[in-house]
Number of protein chains: 2
Amino acid sequence: MPRIIIFEDNDKLRESLAYLLKTQPEYEMVGEYNNCKEAATITRVYKPDVVLMDIDMPGDSGINGVRYVKENRPQTSVIMYTVFEDDEKLFQCLCAGANGYLLKQTPPQKLFDGIQEVIAGGAPMSPVIARKVLNSFQHGKSNKYFLTPREIEVLHLLIKGYSAKMIAANLDISFDTARAHLKNIYQKLHVNSGKEAIGKALGEHIV
Amino acid sequence: MPRIIIFEDNDKLRESLAYLLKTQPEYEMVGEYNNCKEAATITRVYKPDVVLMDIDMPGDSGINGVRYVKENRPQTSVIMYTVFEDDEKLFQCLCAGANGYLLKQTPPQKLFDGIQEVIAGGAPMSPVIARKVLNSFQHGKSNKYFLTPREIEVLHLLIKGYSAKMIAANLDISFDTARAHLKNIYQKLHVNSGKEAIGKALGEHIV
DNA sequence: TTCGGTATCACTCAAATGAGTGAGTACCCG
DNA sequence: CGGGTACTCACTCATTTGAGTGATACCGAA
């Protein structure tokens with residue numbers, strides 16, 4: 001019987017979730033907590049099969065919660081359960097090893113389906129989340145730093161590891177012009193080197 | 001009424017799929033093709049809402065098919081429908097803009113659900129696919145270049161944009177030692193600069 | 001027409017980087 | 001014990017880079 005643990009700071013929501021799950025004879029509720037400070041220990045002791053994890057909790061956020069659980073018991077499936085659609089947090093959770101991502105607007109039946117799905121080795125995601133996840137593989141291009149088209153070209157080459165000289169040759173402009181573009185890019189990204197620019201660009205899905 | 005087009009080279013499968021969809025009064029089958037060479041034109045002319053696309057087709061593969069469709073009509077949702085679980089092809093499809101990825105073992109009812117889901121703005125994925133997609137955000141660490149633990153530490157700092165001097169300070173080693181590690185990393189990765197190393201490391205999910 | 005933004009190019013200078021060479025220590029494994 | 005690997009450090013040298021400053025040209029909006 002799948003063992004389930006809930007981390008959720010909203011008392012009302014947590015209790016009603018726990019109540020709902022307890023009414024399902026096919027699950028075993030082995031714990032519910034209003035914070036994830038002790039998630040590591042709890043995970044080691046109770047060995048849950050599925051963890052429902054809220055993101056926005058006082059103290060350690062659920063993003064750390066995922067880490068605590070996964071580091072101590074990788075085979076436990078963690079489903080994020082949150083109101084937020086925040087892109088940054090979403091990707092942090094995924095990188096921390098979350099196995100699913102359901103929005104709190106998810107009706108109880110879909111929640112049960114999701115639990116079944118992670119147990120079966122799947123990855124339940126609310127439709128809007130799934131779409132964002134797939135989108136992250138292609139578009140990106142938030143360009144929140146207002147790079148000009150030319151600067152984006154230069155940044156692409158920079159990311160490919162090109163030196164200023166190679167960029168100049170590739171775009172058929174002078175060495176100093178290439179360097180001028182680079183300097184402007186660094187200013188806009190608030191960094192002081194090409195290496196930082198590459199890290200920021202790839203990390204924040206700018207290109 | 002959602003307009004649907006199928007690209008699938010297996011005649012029997014394509015025809016039975018088309019037949020199945022035609023029996024559903026809520027969809028309108030506007031075309032079925034055994035290749036995607038003309039996918040661009042077909043898309044512009046018939047303006048489908050949903051495209052079912054096989055990957056493994058003679059001539060242009062379905063990966064190009066996705067591109068043809070998406071370049072000509074981004075609002076058309078493309079669902080990949082294939083027997084393959086090949087990771088490389090999977091990610092190529094996603095990067096090309098696919099909106100869903102269902103395995104051919106998917107029962108018809110789930111297929112209809114998937115079509116509904118893309119139309120609603122979601123991203124239908126077979127469980128095993130969804131899991132792979134999420135895993136791709138964390139797994140990494142193939143270390144096929146045989147970096148030593150220390151070198152991996154250095155590489156991590158390099159990716160964060162640290163200079164040799166900062167790396168030395170952070171690891172409490174001398175400036176020249178930090179540079180020595182960097183030189184060894186560049187050798188192992190077959191690159192000649194920190195920028196290239198960052199690009200390769202992030203691009204190949206080494207770290 | 002003036003102003004702002006983009007793109008282009010040049011010059012300087014201190015600092016960082018990549019490449020080469022050499023070498024000492026520590027540890028594990030056979 | 002010996003050999004291999006990892007980690008450490010130092011020195012040199014040419015090249016690249018980041019930062020500062022300034023200048024010209026084009027274009028579109030005010």
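Each chain gets a letter, A, B and so on, in the order its sequence line appears, and its residues count up from 1.
Taking only side-chain atoms of S174(B), from C-beta outward, the nucleotide of dA10(D), dT8(D), dA7(C) with the closest atom is dA10(D). In this structure, the nucleotide among dC7(D), dA7(C), dA16(C) sitting nearest to the side chain of R150(B) is dC7(D). When each of dT21(D), dT8(D), dT21(C) is scored by its nearest atom to the side-chain atoms of K183(B), the top-ranked nucleotide is dT21(C). Each of dA10(C), dT17(C), dA10(D) was ranked by its minimum atom distance to the side chain of D176(A); first place goes to dA10(C). Closest to the side chain of A180(B), out of dT17(C), dC9(D), dC7(D), is dC9(D). Nearest to the side chain of K195(A), among dT17(C), dT8(D), dA19(C), sits dT17(C).
Across every non-hydrogen atom of A164(A) and L182(A), the tightest pair is CB-CD1, 4.0 Å.
Per the geometry, CZ belonging to R179(B) stands 13 Å off P belonging to dT12(D), to the nearest Å. Per the geometry, CG belonging to L147(B) stands 10 Å off P belonging to dC7(D), to the nearest Å. Computed from coordinates, the Q187(B) CD to dT21(C) P distance equals 11 Å when rounded to whole Å. Put simply, CG on L189(A) is 15 Å from C1' on dG18(D), counting in whole angstrom units. Here dT17(D) presents its P atom at 15 Å from CD of E196(A), a figure rounded to the nearest Å. dT17(D) atom C1' lies 12 Å from atom CD1 of I167(A), rounded to whole Å. Atom NZ in K188(B) sits roughly 10 Å away from atom P in dT5(D) (whole-Å rounding). Across the protein-nucleic acid pair, L171(B) atom CG and dC9(D) atom C1' stand 15 Å apart, rounded to whole Å.
For E38(B), the CD atom counts as loosely surrounded, since its 6.0 Å shell holds 12 or fewer non-hydrogen atoms of other residues, nucleotides or ligands. More than 12 non-hydrogen atoms from other residues, nucleotides or ligands lie less than 6.0 angstrom from OH of Y33(B).
Counted by atom type alone, D60(B) and Y68(B) present one or more donor-acceptor pairs between their side chains at under 3.5 Å.
Between E8(B) and K104(B), at least one side-chain N (NZ, or NE/NH1/NH2) sits under 4.0 Å from a carboxylate O, which counts as a salt bridge.
Within the nucleic acid shown, T177(B) comes within 4.0 Å of at least one base atom, counting heavy atoms only. Across all strands, N192(B) comes closer than 4.0 Å only to sugar-phosphate atoms, never to a base (heavy-atom distances).
Both A178(B) and A164(A) sit near DNA chain D, but only A178(B) has its closest nucleotide nearer the 5' end.
Taking only side-chain nitrogens and oxygens, Y186(B) comes nearer than 4.0 Å to OP1 or OP2 of dG18(C). The side chain of T148(A) places an N or O atom within less than 4.0 Å of a non-bridging phosphate oxygen (OP1 or OP2) of dA7(C). In this model, the phosphate group of dC7(D) is not approached by any side-chain N or O of H181(B) to a distance below 4.0 Å at OP1 or OP2.
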